[in-house]
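Note that these values count all heavy atoms, side chains included, but never hydrogens, waters or copies made by symmetry. Quick note on labels: first sequence line is chain A, next is B, and so on, each numbered from 1.
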There are 2 protein chains.
Amino acid sequence: MHETGKAEPMARHSGPAPTLATVADVAGVSRQTVSNALNSPHLLRPETLERVQQAIDSLGYSPNRAARNLRTRSSHLIGLRVDPALEGTANVTMDRFLHSLVESSKDAGYHVLLFSSEGYVDEATVHGVDPVAGYEDLLRSTAVDAFVVTDTYRGNPQAGWLESRDAPFVAFGRPWDVPAATHPWVDVDGAAGVALAIDHVVERGHTRIAWVGWQKNSFIGEDRRSGWVESMHGHGLSTSRLSARGEDTVAFGRRAALALLETERPTAFVCVSDTVAMGVLHALQESDLRPGRDIAVVGFDDSVAAQVVPPGLTSVRQPLEQVAREIVNLLGQRLSHKPIEQPGRLLSPTLTVRSSS
Amino acid sequence: MHETGKAEPMARHSGPAPTLATVADVAGVSRQTVSNALNSPHLLRPETLERVQQAIDSLGYSPNRAARNLRTRSSHLIGLRVDPALEGTANVTMDRFLHSLVESSKDAGYHVLLFSSEGYVDEATVHGVDPVAGYEDLLRSTAVDAFVVTDTYRGNPQAGWLESRDAPFVAFGRPWDVPAATHPWVDVDGAAGVALAIDHVVERGHTRIAWVGWQKNSFIGEDRRSGWVESMHGHGLSTSRLSARGEDTVAFGRRAALALLETERPTAFVCVSDTVAMGVLHALQESDLRPGRDIAVVGFDDSVAAQVVPPGLTSVRQPLEQVAREIVNLLGQRLSHKPIEQPGRLLSPTLTVRSSS
DNA sequence: AACAGGAATTGGATCGATCCAGATGCACGA
DNA sequence: TCGTGCATCTGGATCGATCCAATTCCTGTT
């Protein structure tokens, strides 16, 4: 064979798209044989396979998705709900995660379908977002094979609902409130991540290390906080009066830092999120303190903001690429009705050190 | 009827999912009549419609997507390629745009399907991303009805390719390099956005206003820059030696600002992107200059980073929600074979003022 | 030469919706 | 009474793939 490049599909005429039957005619075999060439090539004699393959290439044929979906009762689509992002929150998690999920899904032969919750509001949920809105439709119309549900600040109410309908799904986030839940999940060990941060600032000589976290009703927030508490005690340091809790906003981070600076004079702030950490940076700037020189600050999520804010914010980084891979992995097991080896996987984050510490 | 809540689908037994034929049986009508109840209710007598509706509700029926897609030759899916985001770039654009697109699509009865370019690399494109990778497959297998292609830094090579295959698509971004292109597009007037920024800082009393932009080969970059040039001249101000060009990184922004500060002493920096603007902020911090007090800085994109960085970065905000609406709108026209009234729409950005100016 | 047994291949039925052409019912005017 | 016309409803064919059961082709054995 000469170097004539790839066998380009040569779409001679833009007539009706070729079907499996067209290919069968051209190759001089039956429809089933073409189907086998696509799905179970080992059933064909090598020379037959070759002949079919050439017909496929020359026609530029791709199997019609709808027909395949109808027959196999599966769409090879994974549904992911994207909720309205809160402006002013450095929640970069979604962006990075989404890319990784699309990549991993592709490798497994799936595509990601996005849907939203808005517009499904009924009386019961005029305020706030109905946690199961949008899932029902896609499920009933067999538009997707499975869902990926991501944990929110407060937990994961979708999981129970989906489980009760035995809809296939994998959660990003542990079943905090229902330890008995049996669905597959993947999560990142927040406490371990915060412990990394503490070790890091302790190594830098800090002893008065404050925690700026979320409210008590946030499972994730309390998990991360426990990392602070235990790591501090492990280092023989006191946590007394060094903790603040509030919402996930820049404003809260700023207020909390100003208050702590005034009363307790911590030399380091470890924060539950980058958003809150940015608030701390605001406070330092207003107090003419230089992050990284006068006071250390560590965030959580390694968001874009952390990467670009001067002088660079040290932050706990979740292994989202790995999370996505594991999720797709578990999804594959779930969809092929394999017994799930291990329903939950807890991954370890890393620490990205920048100049703020 | 009493207040018994909504007529909940009462999924008695989780047997086989109900089909249109099931509904027809229950309602005592033919399949076609059920189909009409769904797609052309005006064809039914009111009492028949009511009867069918009740059967649908009581069975919890939703039409099977695959079957419908097969018959109608359309998937009601819109394809969007997500390219690997560059870490350390404050490109928040995608996140906000994606949400808006999902919302708008939903209103029009569409869903968004994500796909990626990786893994399609062949000899010709080992380095860099093949601009048309991934489209081919989805197109041939009729997996999506249309594409949304988003402009990149350098232009939009996909557009021409898709147009040549007459694949339905709408571009976010003007056909810079092919003014004769006839495909529908939506774009934001970057020059006008920068002009807003200039007006703003001029009003604040600045006269030595520097431009920190992208390289000459970026159409978008040059468009934004032209806003600076023209607005400056409109105000009777000089642009001489006040311009820097480079790549879209924090590092470049910092270098450019330091160089300009040393030689030209501008009092304001207007930047082509938030990423570059963050670099400028770094430079100011290193030079012990306070943004918003000593020197004004304006970014472009109104990214999360701009919102949370202390003290808050003034930035040009693209009306992405409106962009998404227009895109879906044009897509609808294109798909219903209506003549497109006006192939291109140029929208105006706004300026979000924060403390950096 | 006859035959078992596996490999390779085939044609009809099927998934669940919509399209299409035709059938039925009904009201109205001639 | 008999069409005529319109609104309403029906059953068979169809979209393009895969499932299934059955058939043909090989090859080696006795």
Side-chain angles (χ1 to χ4, degrees), chain A residues 15-53 55-56 59-77 109 137-145, chain B residues 15-53 55-56 59-77 109 137-145:
Chain A
T19 75
L20 185 139
T22 320
V23 177
D25 280 355
V26 171
V29 295
S30 74
R31 297 183 341 265
Q32 182 62 56
T33 300
V34 178
S35 178
N36 286 337
L38 258 32
N39 303 312
S40 324
H42 63 277
L43 290 178
L44 299 206
R45 222 171 29 209
E47 54 264 39
T48 315
L49 182 55
E50 169 69 12
R51 196 149 38 95
V52 174
Q53 202 51 257
I56 289 178
L59 289 167
Y61 166 79
S62 290
N64 179 306
R65 226 99 159 185
R68 172 176 282 182
N69 294 348
L70 173 58
R71 186 68 245 225
T72 64
R73 298 167 165 288
S74 75
S75 61
H76 282 253
L77 253 36
D137 264 2
L138 292 172
L139 204 50
R140 289 210 309 214
S141 60
T142 65
V144 301
D145 288 352
Chain B
T19 73
L20 185 140
T22 320
V23 177
D25 280 354
V26 171
V29 296
S30 74
R31 298 184 338 267
Q32 181 63 57
T33 302
V34 179
S35 178
N36 285 338
L38 259 31
N39 302 312
S40 323
H42 63 277
L43 290 178
L44 299 207
R45 222 171 30 210
E47 52 265 42
T48 313
L49 181 56
E50 170 68 12
R51 198 149 37 94
V52 174
Q53 203 47 260
I56 289 178
L59 288 166
Y61 166 80
S62 289
N64 179 305
R65 227 98 156 185
R68 173 176 283 182
N69 293 349
L70 173 58
R71 187 66 247 226
T72 64
R73 299 164 168 286
S74 77
S75 61
H76 281 252
L77 253 36
D137 265 2
L138 292 172
L139 203 51
R140 290 209 308 213
S141 61
T142 64
V144 301
D145 288 353

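- Of the candidate nucleotides C:dT9, D:dT8, D:dT10, D:dT8 has the atom lying nearest to any side-chain atom of B:Arg45.
- The shortest distance between the side-chain N/O atoms of B:Ser35 and the OP1/OP2 oxygens of C:dA17 is not below 4.0 Å.
- No donor-acceptor pair under 3.5 Å is formed between the side chain of B:Ser75 and the backbone N or O of B:Asn69.
- The side chain of B:Thr48 contributes an N or O atom lying less than 4.0 Å from OP1 or OP2 of D:dC9.
- Contact annotation: A:Thr33 reaches the phosphate of C:dT10 (side-chain N/O to OP1 or OP2, under 4.0 Å).
- Phosphate contact (OP1/OP2 of C:dC19, side-chain N/O of B:Thr72, threshold under 4.0 Å): absent.
- Contact of B:Arg31 with D:dT10 (side chain to base): no donor-acceptor pair of N or O atoms is detected under 3.5 Å.
- Side-chain proximity of A:Asn36 to the nucleotides C:dT10, D:dG11, D:dC9 is greatest for C:dT10.
- For A:Ser62 and B:Ser30, each mapped to the nucleotide of DNA chain D holding its nearest heavy atom, the one lying further toward the 5' end belongs to B:Ser30.
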For nucleotides 14-16 of chain D, give me every protein contact, N/O to N/O, under 3.5 Å, one pair per line with atom names.
from: D:dT14; atom 1: O2; to: B:Arg71; atom 2: NH1; distance (Å): 2.7
from: D:dC15; atom 1: O3'; to: B:Arg73; atom 2: NH2; distance (Å): 2.7
from: D:dG16; atom 1: OP1; to: B:Arg73; atom 2: NH1; distance (Å): 3.3
from: D:dG16; atom 1: OP1; to: B:Arg73; atom 2: NH2; distance (Å): 2.5

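- In this structure, the nucleotide among C:dG11, D:dC9, D:dT18 sitting nearest to the side chain of A:Gln32 is C:dG11.
- Residue contacts for A:Asn69: at a heavy-atom cut-off of 4.0 Å it reaches no nucleic acid atom on any strand shown.
- Each end of the helix from C:dA1-D:dT30 to C:dA30-D:dT1 gets its own rotation axis from five pairs of C1' atoms, and the angle between them is 60° to the nearest 10 degrees.
- Between the side chain of B:Arg51 and the main chain of B:Ala27, a donor-acceptor pair closer than 3.5 Å is present.
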